[in-house]
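Structure first, then comments.
Naming: A, B, ... by sequence-line order, numbering from 1 per chain. Being a predicted model, the structure only gives us computed values, none of them experimental.
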2 protein chains.
Amino acid sequence: MTAYSIVFVGAKPFMNYVTGVVMQFDQHSASEVTVKARGKFISRAVDVAEVATKRFLQNKVKVDDIQIASEGFTNPEGKQVRVSTITIKLKKIEGQQTLQ
Amino acid sequence: MTAYSIVFVGAKPFMNYVTGVVMQFDQHSASEVTVKARGKFISRAVDVAEVATKRFLQNKVKVDDIQIASEGFTNPEGKQVRVSTITIKLKKIEGQQTLQ
């Protein structure tokens with residue numbers, strides 16, 4: 001069991017990703033979970049991070065760091081395209097008991 | 001003329017927002033520009049920030065800080081809904097001449 005994991009957000013049902021994040025913290029004792037997405041799924045990754053930290057893991061987990069970047073790749077038509085990415089690092093709040 | 005401005009990203013053509021950001025820095029001498037968006041436009045706000053900083057203002061402007069949050073409001077059907085928001089702070093790189 002690792003203490004560090006990544007959830008890639010894509011086209012699956014929204015709650016799959018939220019549950020994935022919550023389970024890493026609650027059942028797998030992760031101290032950090034990274035939520036990643038590309039292109040149009042970036043909005044969804046932000047929703048996953050917000051719902052996980054504000055509704056399910058309130059006062060237990062916080063957004064620690066957010067990075068954005070660009071990736072270039074060649075699409076099936078042979079054209080060079082650019083896509084944005086987001087990396088949202090969620091972290092267990094130390095001494096959470098005092099906050100509740 | 002202010003040295004601080006906000007670009008709200010929505011449904012207008014993509015380049016409108018990029019041009020808005022670039023003009024604030026280049027023509028209005030802003031030292032900081034904040035790119036904001038809600039809901040599905042979050043992905044677009046990230047694209048705007050990436051294209052502005054990596055293509056048009058390379059080595060001149062960097063992403064300084066990114067915040068995500070949630071806003072609650074009542075929709076036209078009277079239901080309480082939650083929407084995610086993003087705030088991307090872009091900042092002029094000091095001593096940019098040495099970087100080029």
### Message
What verdict does the side-chain contact (heavy atoms from CB on, under 4.5 Å) test give for A/I42 and B/I86, after you've listed the backbone C-alpha separation in whole Å, the side-chain angles of each residue and the deciding distance to 0.1 Å?
### Response
CA-CA 11 Å; A/I42 288 175; B/I86 196 164; 5.7 Å; no

### Query
Would you say the side chains of A/S70 and B/E50 form a donor-acceptor pair under 3.5 Å?
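The criterion, which ignores hydrogens and geometry beyond distance, is satisfied for B/E50 and A/S70.
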
### Task
Could you tell me which portion of A/T85 (side chain, backbone, both or neither) has an atom closer than 4.5 angstrom to a non-hydrogen atom of chain B?
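Only the backbone of A/T85 comes within 4.5 Å of chain B.
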
### Message
Surrounding NZ of B/K54 (heavy atoms of other residues, nucleotides or ligands, distance under 6.0 Å), is the total greater than 12?
### Response
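Yes.
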
### Task
Check whether more than 12 heavy atoms from other residues, nucleotides or ligands sit under 6.0 Å from atom NZ of A/K40, and answer yes or no.
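Open.
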
### Task
Counting only heavy atoms closer than 4.5 Å, note whether B/V63 contacts chain A via side chain, backbone, both or neither.
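Contact with chain A: side chain only.
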
### Task
Measure B/R82 against the heavy atoms of chain A and call it side chain, backbone, both or neither at under 4.5 Å.
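When you check distances to chain A, only side chain atoms of B/R82 fall under 4.5 Å.
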
#### Entry: Non-hydrogen atoms of A/S43 and B/S43 that approach each other most closely
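So the minimum-distance heavy-atom pair works out to OG-OG, 2.7 Å.
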
### Task
Flag yes if A/F41 and A/L90 sit in one hydrophobic cluster, no otherwise; membership is Ile, Leu, Val, Met, Phe, Trp, Tyr, and two members link when side-chain heavy atoms are under 4.5 Å apart.
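A/F41 and A/L90: separate clusters.
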
### Query
In the single-linkage hydrophobic clustering (I, L, V, M, F, W, Y; side-chain heavy atoms under 4.5 Å), do A/V48 and B/V83 co-cluster?
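Unlinked, A/V48 and B/V83 end up in two clusters.
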
### Query
When only heavy atoms count and the cut-off is under 4.5 Å, which of residues 14-22 of chain B reach chain A?
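Listed by number: none.
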
